[in-house]
Amino acid sequence: MRRSALIALRFLAGTACGLGIGMVLAVSLPVLAGHRPFTVRSGSMEPAIHTGDVVVDSRIPPSAMRVGDVVTFRDPEGSKRLITHRVRSLNTQAGRVHVVTKGDANNTVERWTVPTGGEVGRVEYRVWKLGYALALVHSRTGMLALVAVPAVLLCILELVSIWRPARPREEHAH
């Protein structure tokens with residue numbers, strides 16, 4: 001393999017590793033600060049948040065919610081799934097916050113309540129399409145690829161460095 005191709009391969013491998021590490025850190029480091037990452041599984045918030053994006057939420061009291069915030073909450077219809085939608089209106093009465101939310105791409109709203117002493121997740125930022133990579137990594141094939149692909153690449157780089165012809169050394173005049 002020519003030297004320029006090897007340099008290009010190392011650059012691409014380093015760039016891919018750097019991007020991957022950066023994306024993983026963008027989701028995992030906030031967990032240490034009490035934030036929670038969630039993978040978006042529907043297009044209900046498009047174009048602001050896409051299917052496959054990861055949103056990172058901070059826990060806030062319901063009194064900190066504002067109209068326009070994007071929040072994550074339990075489905076008011078009783079299922080245990082989480083929904084991430086935009087707050088349309090708020091009203092506090094008798095120790096409860098009554099909330100109306102709606103996905104940006106939806107035609108219907110959700111009406112739900114939370115105790116004033118409860119918690120809600122407010123979306124702080126999103127990481128574009130990382131949810132697809134996380135889903136792949138959690139699969140059997142993805143876990144195998146995480147081990148096999150780097151091992152194969154390291155073997156190839158080592159074989160190239162072993163079989164590459166030695167460069168003639170320049171002799172220095174004394």
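These figures come from a predicted structure and were not determined experimentally.
- Annotation: the span from Ser58 atom OG to Glu124 atom CD amounts to 3.5 Å, rounded to 0.5 Å.
- Salt-bridge annotation for Arg86 and Asp104: present, with a side-chain N of the basic residue lying under 4.0 Å from a carboxylate O of the acidic one.
- Between the side chain of Arg66 and the backbone N or O of Ser63 there is at least one donor-acceptor pair closer than 3.5 Å.
- By the 4.5 Å heavy-atom criterion applied to side chains, Thr101 and Trp112 are counted as neighbours.
- Side-chain N or O atoms of His50 include one that pairs as donor or acceptor with a backbone N or O of Pro47 at under 3.5 Å.
- Residues Val100 and Val70 do not share a hydrophobic cluster, defined by chaining ILVMFWY side chains whose heavy atoms lie under 4.5 Å apart.
- Val120 and Leu82 end up in different hydrophobic clusters when Ile, Leu, Val, Met, Phe, Trp and Tyr side chains are linked at under 4.5 Å.
- One hydrophobic cluster, built from ILVMFWY side chains closer than 4.5 Å, holds both Ile83 and Met65.
- In summary, the side chains of His85 and Glu110 do present a donor paired with an acceptor at a separation below 3.5 Å, with no hydrogens or angles considered.
- For the atom pair CG (Asp57) and OH (Tyr125), the distance works out to 10.5 Å, reported to the nearest 0.5 Å.
- Considering every non-hydrogen atom in both Val54 and Gly131, the closest pair reads CG2-N, 3.4 Å.
- Distance CG/Asp69 to CG/Leu90: 8.5 Å, rounded to 0.5 Å.
- Judged by distance alone, with hydrogens and angles left aside, the side-chain atoms of Ser79 form no donor-acceptor pair with the main-chain N or O of Asp75 at under 3.5 Å.
- Heavy-atom minimum distance, Pro62 versus Val97: CB-CG2, 3.6 Å.
- Here CZ of Arg122 is found 15.5 Å from CZ of Phe73. Values are rounded to the nearest 0.5 Å.
- One hydrophobic cluster, built from ILVMFWY side chains closer than 4.5 Å, cannot hold both Val123 and Val71; they sit in different ones.
- Arg96 and Thr113 form a side-chain donor-acceptor contact under 3.5 Å, judged by distance and modelled atom types alone.
- A distance of 10.0 Å separates CD1 of Ile49 from OG of Ser42, quoted to the nearest 0.5 Å.
- One hydrophobic cluster, built from ILVMFWY side chains closer than 4.5 Å, cannot hold both Val109 and Val67; they sit in different ones.
- In this structure, Arg88 places its CZ atom where more than 12 heavy-atom neighbours from other residues, nucleotides or ligands lie under 6.0 Å away.
- The line from OG1 of Thr39 to CG of Asp53 is 9.5 Å long, rounded to the nearest 0.5 Å.
- What you find for Thr108 and Lys102 is that their closest heavy atoms are O-CG, 3.4 Å.
- Between Gly103 and Met45 the shortest heavy-atom distance is CA-SD, 3.7 Å.
- Between Thr92 and Thr116, the closest side-chain pair of non-hydrogen atoms falls below 4.5 Å.
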From CA spacing to verdict: side chain to side chain contact (heavy atoms under 4.5 Å, CB included), Val56, Arg126: CA-CA 6 Å; Val56 177; Arg126 72 181 176 100; over 6 Å; no

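- Minimum heavy-atom separation, Gly43 to Ala105: O-CB, 3.5 Å.
- Of all heavy-atom pairs spanning Glu46 and Thr51, the tightest one is OE2-N, 3.6 Å.
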